[in-house]
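Written out below as structure tokens is the structure these notes cover.
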Number of protein chains: 2
Amino acid sequence: MAAAQAEAEAGTPRQRYRAQVQQEIKKHAWEQIAAEGASALSLNAIAKRMGMSGPALYRYFASRDDLITELIRDAYQSLSDAVRGAASSGADIRGLAAALRSWALEDPQRYLLVYGTPVPGYHAPEDTTRHASEVMAALLDASGAEGLGAMPPSPLQEHLADHRAWAGEHPADSAALHRALVFWTRLHGVLSLELSGHFGGMGFDPAQLYEAEVEAVVGR
Amino acid sequence: MAAAQAEAEAGTPRQRYRAQVQQEIKKHAWEQIAAEGASALSLNAIAKRMGMSGPALYRYFASRDDLITELIRDAYQSLSDAVRGAASSGADIRGLAAALRSWALEDPQRYLLVYGTPVPGYHAPEDTTRHASEVMAALLDASGAEGLGAMPPSPLQEHLADHRAWAGEHPADSAALHRALVFWTRLHGVLSLELSGHFGGMGFDPAQLYEAEVEAVVGR
DNA sequence: CCCCGTAGTTAGACCCTATCACCAATGCGA
DNA sequence: TCGCATTGGTGATAGGGTCTAACTACGGGG
């Protein structure tokens, strides 16, 4: 609570007001993104909805890209919270998968902001990669758990044993590294195609495909 | 060749000129997309590079969205050609995977134009879904081939047996349907994350992960 | 109480898409 | 070969976007 106070109420009244307006801008930005996609986000439109003139927003965000970067940062933070929250409340790998899916469906455009098509040349700020690492760490924890079907040794696992920089200090064997990567890429494969509407009209239920992929990762 | 003539040289000189200019516009559009991404595509910039004024392009494409739709159409066509070409020259499921990957790496933005983040509310024209079906059909052919590791029966396969509208008239059993879906989603999972740069800095080789996923689909 | 920093304004430069009216050239039928 | 409708290209313009610059109004700390 002290932390919440420090974020929400600390400082001078001016700073509190500033933080409040920034939050409101972001709120409208998310609504607009959910409705029209990130590429259609317009500072002018946000300003009008807030009852002020366009250039006023530049007191709060240096540029449109700055605002979007901030939103991406928040999205990463939210994702990290969701999966680490699930992990810390005892969820196994299936639970993490469920948490990931419900986080994605809760706001598809938010998921696509993180994992969708990037602008060539865009470089994510430092702390987003930190959040990505946190998610990875939770995945690696779950991937190393006992009771999972054994992944047969493969050339990839030998490769991963030699290229595990991304795992940091995490004490996971190459089978766990492999499982974490497979968890990520397979679930992203189903989720992103579903959220992008590529399953639309095919007639089957994406949730069941997702479940099947989760079971395949677990090892049956 | 008769078909090529019909496309490239048929009709009056006016029609030939028109088709030629349209092709040149598309060429510049692809260059711009490859460099800056589809969201940064500008008709004005294309016109300037071609040495003419902005509004002139509207003689050839009714709107920016129209041009992009046409590019998506061409991308689908190109993808369909690539995988059906591989299939018709005797490639097995591994060959299809290799063809898909090399098609994707050849022009990442082209892949992302097809499978990347869509604009909410955008509806693909009819013939793109036709190309998607052709790709699916090639996949289903390969997925039904003998010599593949058996996919154990699962709840998903029962579901797919009842929801196979997307397979059309194709005589594939539910195991083949399952394998085709898994082929698509898993390889897309690796490819899209790779092309979006999410593996950047992780240190491992995406190609080896891709290969491992292909082997997993084949059934080892 | 004054004063300075901050929030907000309008004006404007420079992009973009898109439409319009007008001009020029081209190639077809008579 | 000539006339002329069709077609391609132009500048002007409307309207929206980002973003900068100059100016005004307010409110809290000295």
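Numbers restart at 1 for each chain; the letters A, B, ... are given by sequence-line order, proteins then strands.
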Handout entry: Interatomic distance, B:I46 CD1 vs C:dC15 P [rounded to whole Å]
Key = 17 Å
Handout entry: chain B contact limits on DNA chain D, taken 5' to 3' with a cut-off of 4.0 angstrom to heavy atoms
Key = D:dT6 to D:dA12
Practice task
Give one of base, sugar-phosphate or nothing for A:F61, where a contact means two heavy atoms less than 4.0 Å apart.
Solution key: nothing
Practice task
Ignoring backbone atoms, establish whether A:Y58 has a side-chain N or O less than 4.0 Å from OP1 or OP2 of C:dT9.
Solution key: no
Problem - NZ/NE/NH1/NH2 to OD/OE distance under 4.0 Å, A:E213 and B:R186 - result: yes
Exercise for the section: In whole angstrom, give the distance that lies between atom CD1 of A:I25 and atom P of C:dA7. Expected result: 11 Å
Handout entry: Spacing of B:L105 atom CG and B:L100 atom CG [to the nearest 0.5 Å]
Key = 9.0 Å
Practice task
List the steps, then state whether side chain to side chain contact (heavy atoms under 4.5 Å, CB included) holds for B:R110 with B:L113.
Solution key: CA-CA 5 Å; B:R110 183 179 55 183; B:L113 198 59; 5.5 Å; no
Handout entry: A:T69 side chain to A:Y122 side chain, donor-acceptor N/O pair below 3.5 angstrom
Key = yes
Handout entry: Gap between atoms CG and C1', on A:L43 and C:dC15 respectively (whole Å)
Key = 15 Å
Practice task
Measure up the B:F199 and B:F204 rings against each other and bin them: parallel (under 30°), tilted (30 to 60°), perpendicular (over 60°).
Solution key: tilted
Exercise for the section: Round to a whole Å and report the spacing from CZ of B:R64 to P of C:dA18. Expected result: 8 Å
Exercise for the section: Mind calculating the distance between CD (B:E36) and P (C:dC15) to the nearest angstrom? Expected result: 15 Å
Completion exercise
A:Q22 CD to C:dT6 C1', in whole Å, measures 14 Å
Problem - Separation of B:L79 CG from B:Y76 OH (nearest 0.5 Å) - result: 8.0 Å
Practice task
Answer yes when B:R101 and B:E211 have at least one side-chain N-carboxylate O distance shorter than 4.0 Å, and no when they do not.
Solution key: no
Exercise for the section: Evaluate the criterion salt bridge (charged side-chain N to carboxylate O under 4.0 Å, His left out) for residue pair A:E70 and A:R73; output intermediate values, then yes/no. Expected result: CA-CA 5 Å; A:E70 187 71 20; A:R73 200 189 309 271; 3.5 Å; yes
Handout entry: Between C:dA18 (C1') and B:N44 (CG): distance, integer Å
Key = 10 Å
Handout entry: Euclidean distance, atom CG of residue B:L57 to atom P of C:dA18 [Å, nearest integer]
Key = 11 Å
Please tabulate the protein-to-nucleotide N/O contacts below 3.5 Å involving nucleotides 20-25 of chain C, giving atom names and distances.
none

Exercise for the section: Would you please classify the geometry between the B:W184 ring and the A:H198 ring as parallel, tilted or perpendicular, with 30° and 60° separating the classes? Expected result: perpendicular
Practice task
Establish, with yes or no, whether the OP1 or OP2 oxygen of C:dG8 is under 4.0 angstrom from a side-chain nitrogen or oxygen of A:S53.
Solution key: no
